[in-house]
Amino acid sequence: MPSMQETRSETMRFDDLYWEPSSEPIVENDVELEKIVAQAELPVLLAALAAALGDTSFLSSDLQPPLTLVDTQPHPHGGMSPKQQERARALALDGLRQVRDKEITSVDLLEGDAVSDLLGYLTGGREHWHASLKHELDLAPDKGGAPQWNFAEVADGRDFPVLIVGAGIAGIAAAYRYSQAGVPFTVVEDSQTLGGTWAKNTYPGVRLDTPTFGYSYSFAQRGDWPYQFAEGGDVLDYVRDVAERAGLVESIEFFTRLVRLLWDEESCTWQATTRHSGGQERVRTFAAVVSALGQLDRPNIPDFPGAELYRGVTMHSQEWSHDVDYRGKRVAVIGTGASAYQIVPALADEVSGLVLFQRSAPWMLPAPNYHDGVSDTFAWLRRKVPHYAQWYRLWVTLQGIPGRMHTVTAEDGWQGAPLSVSAKNQEVREVLIERLKEQFVDRPEQLENAIPDYPPGAKRMLRDNGVWAAALKSAHTTVVTAGIDRFSERGIIDNEGVEHEVDIVVFATGFKPSDYLDEVEVIGRDGVEIHDFWKGDARAYNGVTVPGFPNFFLIYGPNVGGVVAGSLHFMIERAVEFSLKAVHEVLQRGASAIDVKPAALDRFVEWVDAGNRRLAWGQPYVRSWYQNSHGRVSQVWPYTNVEYWEATETVKADDHEFLA
Ligand SMILES: Cc1cc2nc3c(=O)[nH]c(=O)nc-3n(C[C@H](O)[C@H](O)[C@H](O)COP(=O)(O)OP(=O)(O)OC[C@H]3O[C@@H](n4cnc5c(N)ncnc54)[C@H](O)[C@@H]3O)c2cc1C
């Protein structure tokens with residue numbers, strides 16, 4: 001057993017708070033190993049074995065996975081042919097025997113060449129992906145996410161306190177990276193706990209709708225996740241555990257809301273006004289501010305006429321009242337987005353009546369494993385093959401680079417609008433409709449309402465293992481598509497004049513993602529308030545910086561959310577790292593602040609707008625929460641992780657002004 005101190009230094013060396021210095025020895029016989037190999041994801045296993053044994057013969061080019069693009073659901077083994085699989089299994093069995101017989105239970109940092117060979121094999125030679133993938137690979141000597149500098153050495157004794165706002169996924173990422181650089185910081189968090197989204201959304205059925213292994217920090221690669229799509233509580237436990245392992249909890253001031261930021265040009269500092277939940281205000285001075293206050297933090301409840309008349313219980317999905325017992329009650333759910341999609345099946349069998357108000361049907365990607373635990377085979381491999389879970393995580397990340405972007409890319413001159421944007425998009429549409437037809441074969445009258453009237457991918461796609469259709473078909477479920485006219489004392493009256501009497505109304509009506517920083521007043525240079533600058537159209541260079549607001553960094557800001565490709569953690573971490581590089585530049589130059597130039601922001605926005613215009617959600621006839629009130633897509637990153645890695649790799653001097 002390694003000592004506590006050894007484990008800590010290993011963790012630092014590998015920049016992974018979940019680094020496991022050794023795995024359990026393999027003691028199983030060949031027959032048992034054969035069974036494992038039969039169910040393993042082969043490219044992952046071959047890569048893990050090559051790394052463990054230091055033997056590149058496991059990476060032979062004729063066993064390279066073709067990385068067949070994913071239209072709707074992943075291809076096992078990256079699309080390897082049956083012949084390739086057969087040979088890969090024989091090789092993997094031999095590898096597992098070697099690991100067992102040589103009693104290998106750990107792997108040291110790899111040489112650069114070995115990393116290139118491994119990534120070359122997994123990516124099919126796509127070298128331009130390598131740099132961004134190394135960011136996710138613990139065993140790479142140049143992983144690169146952690147700052148390679150230290151505040152004490154660079155700051156030359158100067159004061160440079162940083163304020164981090166919010167303690168969700170983004171705020172914790174920022175706090176961790178800033179702590180690694182030794183930059184002094186304070187985190188303020190409005191609520192009583194950390195975790196953001198995952199602390200606040202506790203509705204029945206809440207879980208990830210993106211794969212668990214694509215939803216974790218590069219510096220905290222938990223391997224023992226119980227579910228393939230983690231439950232909300234598991235994600236929350238993870239964020240809390242990361243904060244504890246990193247020693248960040250003590251730096252967080254809970255019940256403390258940032259209400260105002262005022263830039264002082266003379267001292268080049270921000271005056272931050274925070275309000276404690278008790279009402280007391282405090283003004284403090286910071287050299288820089290990192291805003292990580294979330295895009296999906298503020299519930300959106302439309303103004304329904306007569307809402308004040310309703311005598312029953314109402315709640316927004318994010319403000320679930322656990323002391324209200326919905327069992328045996330009549331419940332209305334308004335909305336069919338990602339939250340409703342999880343709430344409705346969780347409630348369907350428990351309530352006496354369910355009324356679903358649907359404006360548009362969701363597109364659903366087949367995901368038979370949506371509620372499944374990880375397999376016993378995976379658990380065995382994770383415990384016994386050094387860093388198998390990390391290789392698996394890398395594999396998920398890697399396949400997410402192209403993701404399903406090709407299915408949502410619009411074709412010039414395509415005639416299928418407004419139902420599809422290209423031949424491939426139309427093909428996906430037809431595949432998904434076929435699946436809906438199968439699901440509603442016994443209720444043909446419900447089928448029409450279940451088919452979305454917009455292109456696949458134009459709005460967030462959900463994961464389908466059949467429970468949504470089953471809930472909609474339930475004898476006591478009513479799907480209302482007529483729209484809501486008004487509330488009454490007893491329930492909701494639809495546009496056809498039908499009154500739906502219910503005991504509870506759940507607003508699964510989403511958030512206000514475009515209203516960035518809406519509840520914070522941010523006054524920058526020349527007294528300009530950030531919302532006046534934006535005029536309802538939030539824009540930030542790399543999603544991070546805004547001209548006229550020096551040393552102010554947005555994390556998960558405008559235009560950096562990936563929806564059919566990439567990982568949110570990657571985007572968040574890169575934004576944090578970009579901000580830290582900017583701070584480093586300021587300190588190194590002996591400057592006071594960095595401000596992005598307006599022209600640089602304009603170029604960035606033009607570039608992302610051009611990208612979004614050629615995608616399903618950027619079509620003029622599509623309306624979704626990806627767009628702001630101007631109709632500009634202000635949420636979505638239209639490119640891949642690789643382009644964001646490149647955009648955030650350096651702080652370009654030409655794009656910035658440094659204040660003395
Ligand atoms: C129900 C739900 C499910 C989701 N599922 C997925 C998924 O499967 N995959 C995926 O990639 N993404 C998913 N998302 C998106 C999700 O929001 C992000 O994945 C992630 O949690 C965002 O983290 P964040 O730190 O940016 O924001 P948040 O988690 O919103 O954290 C922001 C924090 O800032 C605090 N705060 C806000 N204003 C202030 C202020 N003025 N002063 C101080 N503190 C403040 C808030 O209290 C909060 O704790 C989901 C979102 C929701 C709502």
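Note that ligands are numbered from 1 as they come in the structure, with each ligand's atoms numbered from 1 the same way.
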Short N or O distance, [X] and ligand 1, threshold 3.5 Å exclusive:
{"X": "Gln318", "result": "no"}
{"X": "Thr193", "result": "no"}
{"X": "Ala170", "result": "yes"}
{"X": "Asp190", "result": "yes"}
{"X": "Asp209", "result": "yes"}
{"X": "Val206", "result": "no"}

Minimum-distance protein heavy atom relative to [atom]:
{"atom": "atom 52 (C) of ligand 1", "value": "Thr197 CG2, 3.4 Å"}
{"atom": "atom 19 (O) of ligand 1", "value": "Tyr215 OH, 2.5 Å"}
{"atom": "atom 9 (N) of ligand 1", "value": "Thr210 OG1, 2.9 Å"}
{"atom": "atom 1 (C) of ligand 1", "value": "Tyr203 OH, 3.4 Å"}
{"atom": "atom 48 (C) of ligand 1", "value": "Glu189 OE1, 3.5 Å"}
{"atom": "atom 18 (C) of ligand 1", "value": "Leu568 CD2, 3.3 Å"}
{"atom": "atom 40 (C) of ligand 1", "value": "Leu258 N, 3.8 Å"}

Is there a heavy atom in [X] that sits closer than 4.0 Å to ligand 1?
{"X": "Arg460", "value": "yes"}
{"X": "Arg257", "value": "yes"}
{"X": "Ala292", "value": "yes"}
{"X": "Ile555", "value": "no"}
{"X": "Lys200", "value": "yes"}

Proximal atoms of ligand 1 relative to [X] (non-hydrogen, under 4.0 Å):
{"X": "Val165", "result": "40 (C), 42 (N), 43 (C)"}
{"X": "Thr256", "result": "43 (C)"}
{"X": "Phe511", "result": "53 (C)"}

inquiry  = Within the supplied structure, the quantity of interest is the number of heavy atoms (other residues, nucleotides, ligands) at a distance under 6.0 Å from Tyr227 OH; does it exceed 12?
reply    = no
Aromatic centroids of [Y] and [X] separated by under 6.0 Å:
{"X": "Phe378", "Y": "Phe213", "result": "yes"}
{"X": "Phe219", "Y": "His569", "result": "no"}
{"X": "Tyr238", "Y": "Trp225", "result": "yes"}

The single option from Arg260, Arg275, Arg257 that satisfies salt bridge (charged side-chain N to carboxylate O under 4.0 Å, His left out) with Glu281 is Arg275
